[in-house]
Amino acid sequence: MYRVLLVDDEKIARIGLRTTFDWERHGFTLVGEASNGQNAMKWIQNQEIDILITDIAMPVMDGLELTRKTKELCPWVKVLLLSCHNDFEYVREGIRLGASDYILKPTLNSDSLITVLNQMKKKLQEESENRQIVQQFEDQQLANKLKKLEKTFCKALCGDLAAIERIKTECPEESYRIAALEINVFGKTDAERNDLLTELGEVLKQVLYQTFGSFVSVMLRPDLLVAALPVHPNLHVRCYELIEQFSQHTESHLLQVSIGLSVVYENYLDLQNASMEAKKMLAVGFFLGPCRLLAAEEQTDSISAWPYPFAEALHDLKESLTMGFHSRSEQMINEIMKHWLPQYRSKEEVLQEAEELLSLFAVFKDADSSIIRKIRELGRLCYVTEVIQHVKDGYQTIMGGEDSPRPDKTLHQRIVMEAADYIKCHYRESISLQEVADAVNVSRNYFSEMFKRVTGENFIDHLIALRVKKAKELLQGSSLKVYEVAEQSGFNDVKYFSKQFKKIVGVSPAEFQGLLRK
């Protein structure tokens, strides 16, 4: 519906226009009527009309002045002038001021009115479509520019000098702070979470620009936004407001936003260091909890120079569990977790130690899939309190009401057999100790120790022996060249293959092949 305003000082003329024409059937709606231009200005100032039908001769403010003001405030509005025979000079002035058409009052009827209104409606439609095309083009140009700038910013954050020079050109003010914003979403499926993170990331970019006039921002991960912000006197207050604005708890999901903030930098050559500092601050939130502003100037150096002997503590815990000392084992676990503080450990070190504890628990609980699940779920935990509870739950699982849990020897053998089967299927590929350990759901260190204990040989020795055995079969049963045998038996380097083959068989591959052909 196109909005129409009627302005005429003659009440009978307004009533006639309002009642004798079926406005809605033709796609129009009357938003109001006025007796002079001054009274009509409220609709003009509120931009509530698309078409203005006005008499020329009126008191207070005539139709010509109303046309002029209307075109100044609302350039898109189409103006239809109503005039008498002796008003032609005024009509000409009205057209000059921007009126679209005019109708002589003596000839005004439904047919003449609908003809003019339809022309105006068509023109409004065309202009609207043209504006949309122009707007889409401008939006696309801006999107392309921002996308290109984001790529440049990513490279600059990695220390690319050419990218840093381009950032200087786009963002001439060199005093800046880097903000790292982390978004945590709970209560959604993975697909829903990713969709929500993508949407929130775009909204956050817009809010940063509107709030701080941010130079540039980019999503480094679906849940991590890094932005360069101009130095601002109320930066901390506005960051707290942003955290409060985006952090919410609804029936369907929990949303948390935290911000890590670098100190002020004066040179874009420091972008990489500033980014690392902001992300380091964000990582401190792992220990302090959700919805935090973590500014670098407010944090002291976190990691202590005195290293806690985790490997030794883990070995002692293993012995304690083996002997069935429940109380002592629990105390030792708590002692380890007491050092999961920012002055002793980084987030990555805490997660690594938690994984090793759970892997140890897995050895002490025959075929318990819940421990394996807990190891896999570690990466989804956001805060140290969650990790501590996660490990405590894992420990309670291995207790299981038994008085003296012991490591199950058959469990060791079963895991090593599964690993041996995996190696046998994949030994001709580029497999690693970590890959095999992942395949049997134990940590790398414990798998290595377990494999040696059960088989009597190291993983790499076992792998090389399998490959050499396959190489002997190929040398015996085919006419392949030595480098082809090396490749098909899993060796990427023919010199290394020849060295290992001679070490195990006693002769080189070529000599072995020559002996067979005699």
Side-chain angles (χ1 to χ4, degrees), residues 311 314-315 318 351-352 355-356 358-369 371-376 378-379 407-518:
L314 193 67
H315 182 269
K318 182 178 179 181
L351 292 175
Q352 177 62 35
E355 180 181 343
E356 297 215 26
L358 291 171
S359 296
L360 177 60
F361 298 163
V363 175
F364 282 78
K365 190 69 175 177
D366 184 20
D368 193 299
S369 60
I371 297 290
I372 306 303
R373 281 199 305 273
K374 286 188 176 299
I375 294 174
R376 291 173 176 167
L378 270 174
D408 188 350
K409 294 181 180 178
T410 60
L411 174 62
H412 292 184
Q413 295 167 351
R414 175 180 61 78
I415 291 174
V416 171
M417 286 176 63
E418 287 181 8
D421 289 340
Y422 183 88
I423 296 168
K424 193 172 182 180
C425 292
H426 299 276
Y427 72 91
R428 284 181 286 181
E429 304 168 12
S430 180
I431 60 171
S432 64
L433 177 65
Q434 183 65 61
E435 180 182 339
V436 180
D438 290 341
V440 294
N441 297 307
V442 294
S443 74
R444 181 179 182 275
N445 292 338
Y446 280 99
F447 171 70
S448 178
E449 180 182 332
M450 193 187 310
F451 192 88
K452 177 72 179 290
R453 188 187 309 163
V454 173
T455 65
E457 60 181 346
N458 293 326
F459 162 77
I460 190 63
D461 292 337
H462 179 79
L463 181 61
I464 290 172
L466 277 177
R467 289 172 172 172
V468 169
K469 181 181 177 182
K470 179 63 177 178
K472 288 174 65 177
E473 293 174 0
L474 291 173
L475 290 168
Q476 289 173 338
S478 69
S479 58
L480 295 171
K481 293 181 172 25
V482 171
Y483 75 86
E484 293 174 324
V485 170
E487 184 178 329
Q488 292 190 25
S489 55
F491 290 96
N492 294 325
D493 187 324
V494 68
K495 290 184 179 179
Y496 181 71
F497 162 60
S498 297
K499 179 181 176 181
Q500 295 300 323
F501 189 95
K502 187 171 184 178
K503 180 180 177 182
I504 293 174
V505 180
V507 294
S508 69
E511 291 171 338
F512 182 81
Q513 196 174 44
L515 290 172
L516 293 173
R517 291 175 179 174
K518 288 182 179 180

Item to complete: Find out whether Gln352 and Glu355 are in side-chain contact, i.e. whether some heavy atom of one side chain is under 4.5 Å from a heavy atom of the other.
Response: yes
Response to the item:
side-chain contact (heavy atoms from CB on, under 4.5 Å) with Lys452: of Val416, Asp461, Asn458, only one passes, and it is Asn458
Discussion item. For Ile371 versus Ala362, what's the shortest heavy-atom pair and its separation?
Written reply: CG2-CB, 3.6 Å
Discussion item. Let me confirm one number: the CG-CD1 distance from Leu466 to Ile423, rounded to the nearest 0.5 Å.
Written reply: 7.5 Å
Worksheet item: Sequence neighbours excluded, which residues qualify as side-chain contact (heavy atoms from CB on, under 4.5 Å) partners of Asp421?
Response: none
Worksheet item: Got a sec, which pairs hit ring pair (Phe, Tyr, Trp, His ring centres under 6.0 Å) with one end in residues 449-469, sequence neighbours left out?
Response: Phe447-Phe451, Phe451-His462
Worksheet item: To the nearest 0.5 Å, how far apart are CG in Leu475 and CD in Glu473?
Response: 10.0 Å
Fill in: Shortest non-hydrogen contact from Ile375 toward Leu358
CG1-CB, 3.6 Å
Practice prompt. Could you note down all residue pairs passing salt bridge (charged side-chain N to carboxylate O under 4.0 Å, His left out) where residues 484-493 supplies at least one of them, sequence neighbours left out?
Written response: none
Practice prompt. Working to the nearest 0.5 Å, report the span between OG of Ser498 and OH of Tyr483.
Written response: 13.5 Å
Discussion item. Tell me every residue that passes side-chain contact (heavy atoms from CB on, under 4.5 Å) with Ser448, counting only those two or more places apart in sequence or in another chain.
Written reply: Leu433
Worksheet item: Do Val485 and Phe491 touch side chain to side chain, with heavy atoms closer than 4.5 Å?
Response: no
N/O donor to acceptor pairs below 3.5 angstrom from side-chain atoms of residues 499-507, sequence neighbours left out:
none

Discussion item. With rounding to the nearest 0.5 angstrom, report the OG1 to CE distance, Thr455 to Met417.
Written reply: 13.0 Å
Discussion item. Show every side chain to side chain donor-acceptor pair (under 3.5 Å) that has at least one partner inside residues 423-437, sequence neighbours left out.
Written reply: Tyr422-Glu435, His426-Glu429, Gln434-Asp438
